[in-house]
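Remember, it's 1-based here, ligands and their atoms both numbered in the order they're listed. Everything numeric here is computed off the predicted structure, so don't read it as measured data.
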Amino acid sequence: MYSIHDIRNDFPILSREVYGHPLVYLDNGATTQKPRCVVEAMVDEYYNVNANVHRGVHFLSQRATDLHEASRETVRAFVNARSTSEILFTRGTTESINLLAFTFGEAFIHEGDEILISTMEHHSNIVPWQMMCQRKGAVLKVIPMTDEGELLMDAYEALLTERTRLVCCTHVSNVLGTVNPVKEIIRIAHQHDIPVLIDGAQSVPHMPVDVQDLDCDFFAFSGHKVYGPTGVGVLYGKEAWLDRLPPYQGGGEMIKNVTFEHTTYNDLPYKFEAGTPDYVATHALATALDYVSALGMDNIFRHEQQLTRYAVEQLRTIDGMTIFGHTRDTADAVISFLVRKDGHYIHHLDLGTLLDRLGIAVRTGHHCAEPLMHRLGIEGTVRASFGLYNTTAEVDALVAGIRRVVQMF
Ligand code: PMP
């Protein structure tokens, strides 16, 4: 049973007030709040287990190692990877993509090669590829989209050439909520023997993800967006690809043997995990994944879809409202909007700041997707993004808040 009351009780922060109003937290796209079990897992590990992993014979080190490696198995099962060798722990989506951009660039990219991304990428799925292209003399190409925020699939196919080495695409837009047809994108790329990276930062928290079913070659996500702690994320990669990539960083853990002349590297996944991992965070991430799995990703998806549809409907009743994207029912729990008054848009920052005074936390700005803002011909939006604990009453508070703020202009 999906009991929103019980669920909200698991998240202590949700019962606090902001400026004398009950907190309405609608900035889940940026980061999610943490259930008690996740915080307790961290406290418990620091109080009762803490020791460095992988290199100790003593009790605590073995216990910490067991927790860390059990977490890898939890992540593997959560995204249905074939093997834990395919699950690399990183600091987050950004580091996962940088890891891939560097290592893939070193192994496979030559002058004149092409990398394909989409118009609606987050900066973290643009800039690492730009940097790699600059280093290697490669070319970054961009899949265009419609005004409604849907990728143009014919244009995508036409952009695939003999020089295309990798396709990188977000699963869900962090601005528009568009759920991209990534399975189709991957299928088409594979017809040309081109591997695909999916940025799953905004999909993993909201829907079941099966990397084998998608057949993606790489998949990145962040722990803190799926109710886990900050500072930990995941890069999934098919073993056949990871085997062919060189290491990212050098240091402890990623080696088998070292002499001053030569180093042999460790097996997967450790080859890509130099230094002490954030083993407390990996354990807490696994705790968060267990938490959402117990609720059921299907149930979370259903709840958030209903909430999103209700919110879109209610927001559309506000005079002057423009919602970007959401022309299809399938859009995810992220809604970007602006409100027009007296012939021009109220500045997103003003709207967001005044909503904050009512206890309503939304995000304003370009949402780390400046090229998408350019495509839409705007500087920024107000963004409400939902999590598993949000309610229709909170949507009502948002809508009432916007009405009140708009009257002030
Ligand atoms: N990609 C997308 C689609 C995102 O929404 C975000 C976070 N806003 C990122 C990547 C970057 O994630 P992180 O900052 O956790 O590395």
> Which of the atoms of ligand 1 are close to Thr94, meaning less than 4.0 Å from one of its heavy atoms?
Replying inline: 11 (C), 12 (O), 13 (P), 14 (O), 16 (O)
>> Using only atom types and a distance under 3.5 Å, with no angle test, would you say the side chain of His348 pairs donor to acceptor with the backbone of Ile346?
In response: no
> Which heavy atom of the protein is the closest neighbour of atom 4 (C) of ligand 1, given with residue, atom name and distance?
Replying inline: His122 CD2, 3.4 Å
> Looking at Lys141, Arg163, Lys136, which hits salt bridge (Lys or Arg N to Asp or Glu O under 4.0 Å) with Glu114?
Replying inline: Lys141
> Which atoms of ligand 1 have any heavy atom of Ser124 under 4.0 Å away?
Replying inline: 1 (N), 9 (C), 10 (C), 11 (C)
>> Can you confirm whether Met153 sits close enough to Pro181 that some side-chain heavy atom of one is under 4.5 Å from a side-chain heavy atom of the other?
In response: yes
>> Could you check whether Asn98 and Tyr248, counting side-chain N and O atoms only, form a donor-acceptor pair closer than 3.5 Å?
In response: no
> Below 4.0 Å from any atom of ligand 1, is there a heavy atom belonging to Asn125?
Replying inline: no
>> Working note: Thr381 + Ser336, criterion side chain to side chain donor-acceptor pair (under 3.5 Å); need CA distance, chi angles, decisive distance, verdict.
In response: CA-CA 6 Å; Thr381 71; Ser336 270; 3.0 Å; yes
> If you measure from each heavy atom of Glu95 to ligand 1, is any distance below 4.0 Å?
Replying inline: no
> Does Arg91 have a heavy atom less than 4.0 Å from any atom of ligand 1?
Replying inline: no
> Counting heavy atoms only, which of Asn98, Ile126, Asp199 is nearest atom 1 (N) of ligand 1?
Replying inline: Asp199
> Which atoms from ligand 1 have a heavy atom of Ser222 less than 4.0 Å away?
Replying inline: 12 (O), 13 (P), 15 (O), 16 (O)
> Purely on distance, is any nitrogen or oxygen of Thr170 under 3.5 Å from one on ligand 1?
Replying inline: no
> Atoms of ligand 1 less than 4.0 Å from Gln202 heavy atoms?
Replying inline: 3 (C), 4 (C), 5 (O)
> Heavy atom under 4.0 Å from ligand 1: found in Glu121's side chain, backbone, both, or neither?
Replying inline: neither
>> Please tell me whether Thr32 and His224 have a donor and an acceptor in their side chains that are separated by less than 3.5 angstrom.
In response: no
> Taking only heavy atoms of Asn174, which atoms of ligand 1 are found under 4.0 Å from at least one of them?
Replying inline: 5 (O)
> Side chains of Ser85 and Arg72: do they bring a donor and an acceptor to under 3.5 Å?
Replying inline: no
> Is the closest basic N to carboxylate O distance between Arg82 and Glu86 below 4.0 Å?
Replying inline: yes
> Does Arg357 make a cation-pi contact with Tyr19, if we ask for NZ or CZ under 6.0 Å from the ring centre and within 45° of the axis?
Replying inline: yes
> So which protein heavy atom does atom 7 (C) of ligand 1 come closest to, and at what separation?
Replying inline: Lys225 NZ, 2.5 Å
